[in-house]
**Student:** 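Handing you a structure now.
Just so it is clear: chains get the letters A, B, ... in the order the sequence lines come, proteins before strands, and each one is counted from 1.
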Amino acid sequence: MRFSKAFIPTSKEAPSEAVLVSHILLWRAGFVSQVASGLYNYLPLGKRVLRKIENIINDEMSRCGAQEVELSFVTPAELWQESGRIEKFGKELLRFKDRKENLFVLGPTHEEMMVNVIRNRLTSYKQLPMNLYQIKTKFRDEARPRFGLMRSREFIMKDGYSFHANEEDLDREFEAMEAAYKRILERLGLEFRIVEADSGAIGGSGSKELMVIADSGEDTIAICSHCEYGANIEAALCSQRSEIPEAPEADFNKFKTPNIKSIEDLSNFFKIDSFYTVKTIAMRAIYEEEEKIVLFFLRGNDTLQEVKATNAAKALELMDVSEEELKDAGLVAGFMGPLDMNNFTCIFDEALQNADSMICGANEVDYHYVGVDMKVLKEAEFADLAQVQEGDGCPYCNGTLSFTKGIEVGHIFKLGTTYSKALKAEFLNEKGQSVPLIMGTYGMGVSRLIAAVIEQHHDEKGCVWTKETAPYTLNIMVSNIKDEEQFALGEKLYAAFRKAGLEVMIDDRKERFGFKMKDAELIGFPYTLIIGKELVNGNVQLFDRKKDEKIVIEASKAFDGVMDIVK
RNA sequence: CGGGGCGUAGCUCAGUAUGGUUAGAGUACCUGGUUUGGGACCAGGGGGUCGAAGGUUCGAGUCCUUUCGCCCCGACCA
């Protein structure tokens with residue numbers, strides 16, 4: 001491509017609404033432009049990068065025997081009613097009617113559509129397993145799109161779906177997909193971590209997220225200092241505390257604790273470690289049919305992990321409860337405790353199992369119980385509710401956990417039969433029984449990956465694309481196009497590199513050296529071949545964007561010299 | 001959906017407190033010239049329904065009302 005003819009609107013200044021470095025640079029370098037909140041145009045350079053990433057994905061998918069399809073973006077609302085997700089997705093589903101008044105939605109993900117495609121077509125165990133995927137525009141009418149391509153409403157996702165006759169085969173495919181996703185991210189040159197994720201209300205036996213490490217990430221992940229363990233904080237586990245503080249000695253008793261409401265006040269008041277206090281958190285749990293107050297109990301030094309709590313309560317979501325509402329329910333803010341709470345659903349954190357010598361609220365203003373043995377609570381429901389903290393022990397080795405921020409670029413999921421049951425996608429097994437297909441789903445945010453690559457690969461001058469992601473591998477920069485020798489050599493090399501199949505751009509614009517160099521650095525070509533003032537000495541220079549250095553090459557050997565480095 | 005901020009040239013922004021020439025600057029763009037190794041210089045030029053609608057006023061970018069859009073924090077996010 002000739003720069004003089006290319007549509008690459010670069011800009012010295014950043015748009016005021018952009019905050020994230022990837023958003024700023026992709027905009028400034030002319031890769032994307034914004035249409036409206038959460039809607040972006042891909043300009044020629046952006047489209048090329050997009051295709052690069054898609055090619056890598058396609059390559060790795062075909063190595064795994066997955067087949068590419070393309071499903072309709074507009075999907076009949078009926079399918080969403082059938083699966084029950086039309087309510088669940090709520091306003092994120094963009095709905096509209098056609099001229100015949102039929103209701104449709106723009107696909108935010110395609111489980112329903114894919115199941116619809118294969119049901120009554122994958123009907124025998126002999127046809128299994130099957131893995132079908134697509135790379136396609138998705139639309140989710142997010143309440144709050146932000147951070148440029150990172151979280152847009154219209155975005156491009158690779159979504160794959162596999163179908164199996166049994167759980168073992170799903171496990172095998174899940175691992176194969178994990179390995180494939182790992183290879184994709186490695187080829188893209190990303191530093192990432194595959195972490196355990198919350199499987200959420202969808203159920204299924206497991207899910208993993210692919211997190212690109214970046215300070216700008218929206219997710220917090222806990223990673224082990226020693227082993228491979230990593231988990232989204234929503235699902236992270238930790239080992240049991242190794243150092244147990246000395247237990248306070250006290251017989252069971254009711255104690256006057258005037259105006260002592262917080263855990264901090266309580267541990268100061270009794271001069272004990274908050275480990276021996278019981279934290280009580282009341283939440284309003286929302287269910288499909290009803291809503292009710294659920295009480296969660298943890299050790300005072302732990303904090304409630306809301307996603308874990310939501311799962312433990314099997315609720316759709318949890319809402320905060322105001323002091324007013326607590327009072328109406330007969331609860332005393334600041335003095336709630338687990339004893340005699342038969343009227344409420346109570347869930348205890350596992351750390352409270354067999355806990356002794358505890359201090360907890362007496363459900364009476366200004367009173368706490370001391371010396372409580374949790375064993376008095378018969379048939380209490382225990383679950384993992386506490387959020388892991390930095391420094392906690394790894395659940396699998398003796399390493400410690402630290403927190404880092406990640407960008408979720410992929411999510412792979414063992415779905416099981418949730419959708420095949422809802423949409424009645426069944427096959428005949430070896431025994432001739434009709435059973436639902438067992439499914440896995442594998443998502444990867446392609447447009448988000450573009451932003452993630454730049455989040456990790458940039459400097460103060462601009463983008464630094466890796467060889468596999470760059471829109472063009474080589475930029476030939478003719479310093480002064482009025483210099484006939486420079487111009488002629490540039491054209492000659494441009495033709496030669498093109499013939500050799502290299503993705504090459506020639507900057508033949510009537511601009512000065514500095515101007516063109518700034519653009520080259522902003523755009524982030526991995527290599528720029530500078531044909532300039534050194535030519536009178538018989539030399540050209542190859543600028544390496546990542547190393548930020550120029551090496552001199554004899555002009556007569558430019559082609560081979562560059563090919564050796566660039567290929 | 002709650003809280004906050006901002007809408008003036010393609011982009012960055014001044015002007016709005018206290019209403020008053022023909023609405024400005026930088027940058028980008030066009031023409032001519034000079035220049036040619038780090039976003040050059042000189043001269044000339046094009047480009048604006050001041051987000052929109054309504055109102056107050058002799059007069060509104062500026063005041064009032066309504067509304068739309070964009071960004072940030074939070075809620076939310078298979």
Side-chain angles (χ1 to χ4, degrees), chain A residues 9-20 23-24 27-28 30 33-39 80 83-93 107-112 114 138 140-148 150-153 155 157 159 161 197-204 207 209 218-219 232 234 286 306-307 310 316-320 408 410-413 415 418-419 422 439 441-443 445 448 461-462 477-483 486-487 507 509-523 528 530-536 539-541 543 548 550:
Chain A
T10 61
S11 174
K12 237 189 275 192
E13 273 168 309
S16 53
E17 62 263 26
V19 225
L20 215 58
H23 188 194
I24 291 171
W27 186 94
R28 279 191 55 209
S33 71
Q34 186 171 6
V35 186
S37 181
L39 305 179
W80 295 84
S83 72
R85 283 212 291 185
I86 195 151
E87 283 87 20
K88 192 162 187 186
F89 253 103
K91 287 186 173 173
E92 272 189 41
L93 276 181
T109 173
H110 280 202
E111 279 82 6
E112 282 82 353
M114 193 62 91
K138 300 284 184 289
R140 294 181 191 176
D141 200 358
E142 293 257 9
R144 193 178 157 215
R146 58 186 130 169
F147 303 146
M150 212 58 96
R151 193 180 175 79
S152 50
R153 293 191 292 170
F155 59 100
M157 182 163 87
D159 50 323
Y161 308 87
D198 166 52
S199 332
I202 255 204
S207 80
E209 288 168 334
E218 292 188 83
D219 291 278
N232 192 308
E234 295 172 351
I286 313 292
E306 232 179 277
V307 174
T310 308
L316 293 175
E317 62 174 316
L318 295 180
M319 314 253 285
D320 287 338
E408 183 193 337
H411 198 161
I412 56 177
F413 227 106
L415 273 181
T418 315
Y419 293 92
M439 289 179 64
T441 177
Y442 318 95
R448 183 176 280 185
K461 292 175 184 171
M477 198 256 271
V478 179
S479 178
N480 179 4
I481 61 159
K482 283 188 184 168
D483 182 310
Q486 289 182 18
F487 185 74
D507 195 343
R509 292 175 299 171
K510 192 187 161 201
E511 295 287 352
R512 293 160 64 94
F513 177 86
F515 186 92
K516 291 200 267 201
M517 229 16 227
K518 291 282 186 200
D519 262 358
E521 285 165 334
L522 176 61
I523 291 165
T528 294
I530 301 165
I531 300 174
K533 67 175 185 184
E534 289 293 317
L535 190 58
V536 294
N539 290 326
V540 294
Q541 291 155 294
F543 172 69
D548 194 23
K550 296 168 192 160

**Student:** Classify A/Glu218 by what it touches in the nucleic acid, base, sugar-phosphate, or nothing, heavy-atom distance under 4.0 Å.
**Tutor:**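 If one applies the 4.0 Å heavy-atom cut-off, A/Glu218 turns out to touch nothing in the nucleic acid.
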**Student:** Scan A/Phe147 against the nucleic acid and name what it touches under 4.0 Å (heavy atoms): base, sugar-phosphate only, or nothing.
**Tutor:**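 Contact class for A/Phe147: sugar-phosphate only.
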**Student:** Measuring from the side chain of A/Glu306 (C-beta onward, heavy atoms only), which nucleotide among B/C76, B/G38, B/C70 has the closest atom?
**Tutor:**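 Closest nucleotide to the A/Glu306 side chain: B/C76.
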**Student:** With a 3.5 Å cut-off and just heavy-atom distances, do the side chain of A/Arg140 and the base of B/A78 make a donor-acceptor pair?
**Tutor:**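 Answer is yes: a donor-acceptor pair is held.
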**Student:** What N/O pairs connect the protein and nucleotides 7-11 of chain B at under 3.5 Å? Give each pair on its own line.
**Tutor:**
none

**Student:** In whole Å, what is the span from the NZ atom of A/Lys91 to the P atom of B/A75?
**Tutor:**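 Taking atom P of B/A75 as the reference, NZ of A/Lys91 is at 18 Å.
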**Student:** Please report the distance separating the C1' of B/G59 from the corresponding atom of B/U18, rounded so that it comes out in whole Å.
**Tutor:**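 My reading of the C1' atoms in B/G59 and B/U18 gives 16 Å.
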**Student:** Report the distance from atom CD1 of A/Ile286 to atom P of B/A75, rounded to the nearest whole Å.
**Tutor:**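 After rounding, the gap between these two atoms is 16 Å.
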**Student:** Please state how far atom CD in A/Glu87 lies from atom P in B/A78, giving the value in whole angstrom units.
**Tutor:**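 Taking atom P of B/A78 as the reference, CD of A/Glu87 is at 16 Å.
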**Student:** Who are the salt bridge (Lys or Arg N to Asp or Glu O under 4.0 Å) partners of A/Asp548, not counting sequence neighbours?
**Tutor:**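 Only A/Lys461 meet the salt bridge (Lys or Arg N to Asp or Glu O under 4.0 Å) criterion with A/Asp548.
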**Student:** Could you check how far CG of A/Asp548 sits from P of B/G38, rounded to whole Å?
**Tutor:**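 Computing the A/Asp548:CG to B/G38:P distance gives 16 Å.
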**Student:** With A/Glu209, which residues qualify under salt bridge (Lys or Arg N to Asp or Glu O under 4.0 Å), at least two apart?
**Tutor:**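 None.
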**Student:** A/Ser11: what forms a side chain to side chain donor-acceptor pair (under 3.5 Å) with it, not counting sequence neighbours?
**Tutor:**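 A/Ser11: no side chain to side chain donor-acceptor pair (under 3.5 Å) contacts found.
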**Student:** Quick one: which protein N/O atoms are closer than 3.5 Å to N/O atoms of nucleotides 34-37 of chain B? Pair and distance per line, please.
**Tutor:**
from, atom 1, to, atom 2, distance (Å)
B/U35, O2, A/Arg512, NH1, 2.7
B/U35, O4, A/Lys482, NZ, 3.4
B/U36, O2', A/Asn480, ND2, 3.4
B/U36, O4, A/Lys482, NZ, 3.1
B/G37, O2', A/Lys533, NZ, 3.3
B/G37, N7, A/Lys533, N, 3.1
B/G37, O6, A/Lys533, N, 2.8
B/G37, O6, A/Glu534, N, 3.4
B/G37, O6, A/Gln541, OE1, 3.3
B/G37, N1, A/Gln541, OE1, 2.6
B/G37, N2, A/Lys550, NZ, 3.2

**Student:** Run the ring-ring contact (aromatic ring centres under 6.0 Å, His included) test against A/Phe89 and tell me which residues pass, sequence neighbours left out.
**Tutor:**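 Testing A/Phe89 for ring-ring contact (aromatic ring centres under 6.0 Å, His included), a comparison that skips the adjacent residues, returns A/Trp80.
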**Student:** I'd like the C1' distance from B/G47 over to B/G3, given in whole Å.
**Tutor:**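 Result for the C1' pair: 39 Å, nearest Å.
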**Student:** If you check the A/Gln34 side chain, which of B/A78, B/C71, B/G38 turns out closest?
**Tutor:**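 Per side-chain heavy atoms of A/Gln34, the pick is B/C71.
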**Student:** In whole angstroms, how far is the P atom of B/A78 from the NZ atom of A/Lys88?
**Tutor:**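 Those two atoms, NZ and P, are 8 Å apart.
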**Student:** Once rounded to the nearest 0.5 Å, what's the spacing between atom OH of A/Tyr161 and atom CD of A/Glu111?
**Tutor:**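 Those atoms lie 4.5 Å apart.
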**Student:** With sequence neighbours left out, write down each residue that passes ring-ring contact (aromatic ring centres under 6.0 Å, His included) with A/His110, or none if nothing qualifies.
**Tutor:**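 Result, ring-ring contact (aromatic ring centres under 6.0 Å, His included) vs A/His110: none returned.
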**Student:** So, using salt bridge (Lys or Arg N to Asp or Glu O under 4.0 Å) as the criterion, who are the partners of A/Glu142 when residues are at least two apart?
**Tutor:**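 Once residues adjacent in sequence are excluded, the partners of A/Glu142 under the salt bridge (Lys or Arg N to Asp or Glu O under 4.0 Å) criterion are A/Arg151.
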**Student:** Determine the interatomic distance between P on B/C6 and the same-named atom on B/U49; round to the nearest Å.
**Tutor:**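 Going atom to atom, P in each nucleotide, I get 23 Å.
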**Student:** Using the C1' atom as the point on both nucleotides, what is the distance between B/A14 and B/G54, in whole Å?
**Tutor:**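 Going atom to atom, C1' in each nucleotide, I get 28 Å.
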**Student:** Atom pairs under 3.5 Å, N or O on each side, protein against nucleotides 46-49 of chain B: can you list them with distances?
**Tutor:**
none

**Student:** Check every atom of B/A78, B/C71, B/C76 against the side chain of A/Val19 and return the nucleotide holding the closest atom.
**Tutor:**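 Between B/A78, B/C71, B/C76, the one nearest the side chain of A/Val19 would be B/C71.
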**Student:** Quick one: label A/Met477 by what it contacts on the DNA or RNA (base, sugar-phosphate, nothing), any heavy atom closer than 4.0 Å.
**Tutor:**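 Touches nothing.
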**Student:** Is there a Watson-Crick or G-U wobble partner for B/G69 with both distances under 3.5 Å, and which nucleotide is it?
**Tutor:**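 For B/G69, the partner nucleotide comes out as B/C6, under the 3.5 Å rule.
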**Student:** In terms of side-chain heavy atoms of A/Leu522, which of B/C76, B/G39, B/U12 is nearest?
**Tutor:**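 That would be B/G39.
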**Student:** Check side chain to side chain donor-acceptor pair (under 3.5 Å) between A/Asn539 and all other residues, then give those that pass, not counting sequence neighbours.
**Tutor:**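 For A/Asn539 there are no side chain to side chain donor-acceptor pair (under 3.5 Å) partners, ignoring immediate neighbours.
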**Student:** Work out how far the C1' atom of B/G46 is from that of B/G4, and round it to whole angstrom.
**Tutor:**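 My reading of the C1' atoms in B/G46 and B/G4 gives 39 Å.
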**Student:** Just to be sure I understand the rule, does A/Arg153 reach a base, reach only the sugar-phosphate, or reach nothing, if contact means heavy atoms closer than 4.0 Å?
**Tutor:**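 Nothing: the residue A/Arg153, judged by heavy atoms under 4.0 Å, touches no strand.
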**Student:** What contact category does A/Asp483 fall into here, base, sugar-phosphate, or nothing, at under 4.0 angstrom with non-hydrogen atoms?
**Tutor:**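 Here A/Asp483 touches no strand at all.
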**Student:** In this structure, how many angstroms lie between the P atom of B/C76 and the CG atom of A/Asp141, rounded?
**Tutor:**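 Interatomic distance, CG of A/Asp141 to P of B/C76: 18 Å.
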**Student:** Roughly how far apart, to the nearest Å, are B/C58 and B/C41 at atom P?
**Tutor:**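 Each nucleotide's P atom is 49 Å from the other's.
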**Student:** Not counting sequence neighbours, which residues clear salt bridge (Lys or Arg N to Asp or Glu O under 4.0 Å) with A/Lys518? List them please.
**Tutor:**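 Not a single residue meets the salt bridge (Lys or Arg N to Asp or Glu O under 4.0 Å) criterion with A/Lys518.
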**Student:** Can you measure A/Arg144 atom CZ to B/C72 atom P for me and round it to whole angstrom units?
**Tutor:**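 These atoms are roughly 6 Å apart.
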**Student:** Verify the contact: side-chain N or O of A/Arg146 to OP1 or OP2 of B/C70, cut-off strictly under 4.0 Å; return yes or no.
**Tutor:**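 No.
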**Student:** How many whole angstroms separate atom CD of A/Glu142 from atom P of B/C76?
**Tutor:**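 Whole-Å distance recorded here is 13 Å.
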**Student:** Measure from the side-chain heavy atoms of A/Lys518 and tell me the nearest of B/G38, B/A78, B/A28.
**Tutor:**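 Closest nucleotide among those given: B/G38.
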**Student:** Please measure how far the C1' atom in B/U31 lies from the corresponding atom in B/U67, and state the result in whole Å.
**Tutor:**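 Taking atom C1' in both B/U31 and B/U67, they lie 44 Å apart.
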**Student:** Would you please name every residue forming a side chain to side chain donor-acceptor pair (under 3.5 Å) with A/Thr310, sequence neighbours left out?
**Tutor:**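 If we apply the side chain to side chain donor-acceptor pair (under 3.5 Å) test to A/Thr310, skipping adjacent residues, there are no hits.
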**Student:** How far does the P atom of B/U22 sit from the matching atom of B/G32, given to the nearest Å?
**Tutor:**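 One P to the other, the span is 35 Å.
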